[in-house]
Every structure is written in structure tokens, then in C-alpha cells.
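Every number for a ligand or one of its atoms is a count from 1 in the order of the listing.
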Amino acid sequence: MDDKLSSPNQFKEQLNKFLKTDKQEIIKSLLDSNLTGRGGAGFPTGMKWDFCSKAKGDKKYVICNADEGDSGAFSDRYLLEDQPLKVIFGMILCGMVIGSDEGVLYIRGEYPKSIEAINGSINELKKLNLLGDNILGTDFSFDLGICIGQGAYICGEETALIASIEGRRAEVDVRPPFPVTEGLYKKPTVVNNVETLAAATGILINGPEKFAAIGNKKSAGTKLVCLDSFFNNPGVYEIDMGTPMKKIFNEIGGGYKEPVKAFQVGGPLGGVVPLSEIDNLNLDFQEFTAKGFMLGHASIVSIPKDFPMSEYIHHLFEFSAEESCGKCFPGRLGSYRGKEMFDQVKNKTAKIPLKLLNELLVTMQKGCLCALCGAIPTPIMNILKYFGDEMKNDMVKDN
Ligand SMILES: Cc1cc2nc3c(=O)[nH]c(=O)nc-3n(C[C@H](O)[C@H](O)[C@H](O)COP(=O)(O)O)c2cc1C
């Protein structure tokens with residue numbers, strides 16, 4: 001993201017250009033770039049905008065998902081605070097393309113500086129007629145508002161996020177219909193992650209070729225990666241897709257301050273990658289998935305060598321039990337049953353019946369309404385696979 005859209009003058013110049021650009025050309029650029037959503041699900045962004053532009057509706061919305069709840073993730077925060085114009089520009093272009101005059105930034109309340117930075121930019125752009133009614137004298141109007149999240153992880157899930165903006169209880173909805181046809185207030189809506197919108201801005205300003213030339217068709221361009229404080233050089237880095245993970249960890253991250261044995265990549269629903277597998281992985285969405293992990297939003301949380309894995313699993317079940325929206329049985333009850341099993345290990349009152357645990361994990365994977373409780377089995381299964389030896393004293397084989 002070398003081309004900071006850092007001044008309102010640059011913003012005006014670029015916006016002037018795009019106000020005269022054919023909408024289909026904008027969609028084509030995004031499709032040609034192979035940009036996929038950076039929020040975790042990885043849906044092609046050009047396709048999402050295209051679907052919404054074709055959806056019928058007297059009113060449409062653009063939502064920027066800035067709820068960034070994944071543990072270890074702070075890349076959206078960096079963009080909101082350091083490059084707010086890039087995020088807003090992406091929302092305006094999306095509005096132009098889909099035919100929307102209103103956008104909402106859903107920003108987590110724990111990011112007061114992000115809210116301040118975005119608010120400041122909105123006010124400045126409004127004064128310059130770069131936002132609001134009849135932008136730069138054209139018939140295109142687009143306004144932006146901020147909705148402040150209150151710290152529920154589920155509110156990052158797009159249908160729960162929409163419910164939250166509408167003032168309903170933040171529960172996940174069954175899809176279809178997808179938000180592109182029936183979203184906020186049942187109107188066609190694009191929900192995009194902060195990084196996706198900033199990347200779209202860069203692609204549209206620079207042309208799609210540069211982005212598409214990095215990585216491969218399904219994992220193209222660059223990705224912001226967050227390294228936690230176990231690395232000698234913690235921070236957020238923009239890294240080319242396809243870069244070997246060992247280079248990211250050892251060269252960019254500078255290795256580890258303390259001995260580590262695994263990493264949770266992509267938030268609480270992402271995989272737990274043992275240290276031994278790092279040499280076999282590149283920064284690539286499909287590669288992570290093929291090996292049973294998930295790259296997701298690419299936050300890296302290190303697991304210290306002496307941290308008991310049964311305690312880590314307990315934490316994961318406890319997290320989903322706390323954060324589940326409660327709508328589906330497998331999520332609501334499954335998370336609690338899992339937590340109870342590992343309470344017993346923690347209290348040394350019982351061992352885990354392995355078959356029962358596996359059945360619980362498969363039920364959650366198959367039966368949950370969304371990825372909160374449906375994907376929490378991924379890191380747990382990774383731990384059972386790679387740290388079976390460490391955990392064997394906590395388990396009993398049942399029939
Ligand atoms: C439990 C849960 C939490 C999520 N949290 C976020 C989040 O904080 N930010 C985000 O952009 N996407 C999050 N997502 C993914 C969104 O539902 C959605 O796929 C994304 O915002 C779409 O934007 P994109 O296409 O630009 O990635 C979450 C999904 C789930 C299941």
C-alpha cells in the first residue's frame with residue numbers, strides 16, 4: 001500500500017477521475033486484480049460489487065466491517081488510523097458502482113483513535129464536497145456514518161453486524177439471501193473488510209496488473225500480516241502473497257524472544273500451526289486451507305513452548321461459549337459441553353473421552369450456523385493432530 005492517498009487534494013483529483021469512469025470498467029479492474037476479501041471468507045471483491053450493482057433495490061448500502069475482533073489482529077486499526085482516506089475512498093467507489101448513497105463504518109469501540117481519525121476525515125471531506133450531496137457538482141451523492149461496536153466478537157460476522165446496526169440482537173442469519181441482495185434494512189448491501197476497501201483503492205488507482213502479478217490467481221496481491229510480541233520485531237507488515245512463512249517469521253519478524261511451539265494464525269477460528277509446519281507453508285489462502293489451517297485475516301498469535309495445549313483448547317471452547325450468539329444449538333450447547341470437558345481436565349477430575357470429543361467437534365463443524373462455533377473445531381483438531389503426545393495423559397480412548 002505504497003501509494004498513500006494522504007491528502008484531500010489527491011483524494012479530489014482521483015475522485016474527479018473516477019466520477020467520469022464507466023462503472024463496468026471499475027468492476028473489471030477489480031476482477032482482473034483477483035482481489036479476494038481480506039476479512040476471512042475470501043470472496044472475490046469484484047464479484048461482490050458486481051452482484052450488488054445488479055441487485056434490484058430503491059436503496060443500497062455500503063458497509064465497512066471494522067469490528068476487527070480476531071486476537072492478535074491490528075491491521076485494520078492501522079489502516080483506519082494511518083490511511084483513513086484510502087478506506088473511505090474505497091467505500092465511495094463501491095457506492096458509485098453499486099448505486100448507493102449511504103455507507104456505514106462499523107468500528108469496534110475499543111478503537112477510539114480509529115473512530116476519531118475516520119470522523120475527522122469524514123468532516124474534512126464533507127467540507128470539501130468530496131462526501132455528501134452532489135459530490136463535486138455531479139448527480140452522485142454519498143454520505144457516511146459511524147456505528148460503534150460494543151465488543152461482541154459475533155458482530156464482525158456480516159449478518160450479525162447488520163442486525164446490530166439495525167438495533168436488533170446481534171444474531172447470525174441464515175444465508176441465502178446474502179447481503180448483496182438483502183442486507184441492511186433488507187436492501188442490497190456490500191459488506192467489505194477495511195483492508196479489502198483499502199486494497200481496492202490501491203488497485204483502482206494503480207491499475208490491476210501490479211496486484212495480480214503478485215502471488216497467484218486465488219491468493220493475489222499483498223496482505224497485511226500482524227506479528228505478536230513474541231517476535232523480536234512485532235508489528236504489522238505488508239507482505240507479498242506467496243512469501244514463505246519462515247521468511248516472514250525469521251527475517252521480517254526477526255525470530256522469537258522466547259521458545260514457542262505453535263502459532264494460531266487467523267484469529268480464534270484459525271488453525272493452530274505447529275512450529276515444525278512453518279517451513280512447509282507460504283502466505284497463501286489455499287495452501288493454508290489445504291493443510292487443514294486457515295490464513296484468515298493473517299494475525300499471528302504465538303503459543304509459548306511451556307503453555308499446556310489442553311489449557312489452550314479450554315480457552316477456545318470458553319471463547320466460543322462466551323461469544324456465541326446463541327442462535328444455533330450446536331454452537332450454543334456444543335461450546336459449553338466442550339468447555340465442561342476441559343474444565344474437568346483443568347481441575348484434574350476427569351480425562352477427555354476422545355471419541356466423544358471428536359463427535360462433538362464434527363457436529364459443531366457440520367451443524368453450526370456460522371463460522372464462530374463452526375470453525376472453532378479447526379484449531380482444536382489441529383492441536384489433537386500435532387500435539388497428541390503432549391495431550392495423551394489428558395485423554396482416554398472410549399468406544
Ligand atoms: C464470527 C465471525 C467474526 C468475523 N469478524 C470479522 C471482522 O471483525 N472483520 C471482518 O472484516 N470480517 C469478519 N468476519 C467475516 C465477515 O462475516 C465477512 O465475511 C467480511 O466482512 C466480508 O468482507 P470481505 O469480503 O471484504 O472480506 C467474521 C466472520 C465470523 C464468522
Side-chain angles (χ1 to χ4, degrees), residues 30 33-52 61-77 79-80 87 90-91 94 104-111 114 147 149-165 170-175 178-180 183-184 189-201 203 219 221 223-224 226 266-270 285 294-299 316 319-328 331 335 364-365 368-379:
L30 282 184
S33 73
N34 296 321
L35 172 66
T36 50
R38 281 1 194 184
F43 193 79
T45 309
M47 247 194 231
K48 193 181 271 191
W49 290 20
D50 192 29
F51 286 155
C52 200
Y61 294 96
V62 180
I63 295 177
C64 171
N65 188 343
D67 200 40
E68 192 166 57
D70 283 351
S71 34
F74 42 91
S75 42
D76 289 350
R77 175 178 167 192
L79 290 169
L80 295 165
V87 180
M91 292 185 79
C94 179
V104 182
L105 289 116
Y106 191 96
I107 308 178
R108 62 180 301 189
E110 296 92 332
Y111 284 179
S114 302
C147 184
Q150 298 299 322
Y153 184 70
I154 195 60
C155 285
E157 195 282 336
E158 58 188 9
T159 59
L161 183 150
I162 286 169
S164 164
I165 298 176
E171 282 183 338
V172 172
D173 272 334
V174 181
R175 279 159 297 179
F178 290 93
V180 282
L184 188 58
T189 302
V190 164
V191 182
N192 268 144
N193 169 252
V194 174
E195 188 182 337
T196 311
L197 290 160
T201 297
I203 289 162
S219 290
K223 174 83 198 78
L224 295 182
C226 297
L269 320 176
F285 295 111
M294 197 186 81
L295 180 57
H297 198 42
S299 57
L316 291 169
F319 176 82
S320 61
E322 279 289 314
E323 296 292 337
S324 158
C325 73
K327 187 161 178 178
C328 66
S335 301
M364 288 175 73
Q365 259 183 341
C368 288
L369 206 48
C370 86
L372 204 178
C373 304
I376 211 94
T378 307

Centroid-centroid under 6.0 Å between Phe51 and Phe178 rings: no
Partner of Asp67 under side-chain contact (heavy atoms from CB on, under 4.5 Å), chosen from Cys155, Cys147, Ser164: Cys155
Test item: Glu195 side-chain N/O and Leu224 main-chain N/O as donor-acceptor pair under 3.5 Å: yes
Under 3.5 Å: donor-acceptor pair, side chain of Ser219, backbone of Phe285: yes
Shortest non-hydrogen contact between Ala371 and Leu269, atoms and distance: O-CD1, 3.3 Å
Contact (N/O only, under 3.5 Å) between Tyr153 and ligand 1: no
Contact (N/O only, under 3.5 Å) between Gly39 and ligand 1: yes
Location of contacts on Glu68 toward ligand 1, heavy atoms closer than 4.0 Å: backbone
Lys48 heavy atom under 4.0 Å from ligand 1: yes
Ligand 1-proximal atoms of Asn192, by part, heavy-atom distance under 4.0 Å: both
Backbone or side-chain N or O of Glu158 under 3.5 Å from ligand 1 N or O: yes
Enumerated ligand 1 atoms positioned under 4.0 Å from heavy atoms of Asp67: 8 (O)
Stacked cation flag Arg77 on Phe74, 6.0 angstrom / 45 deg: no
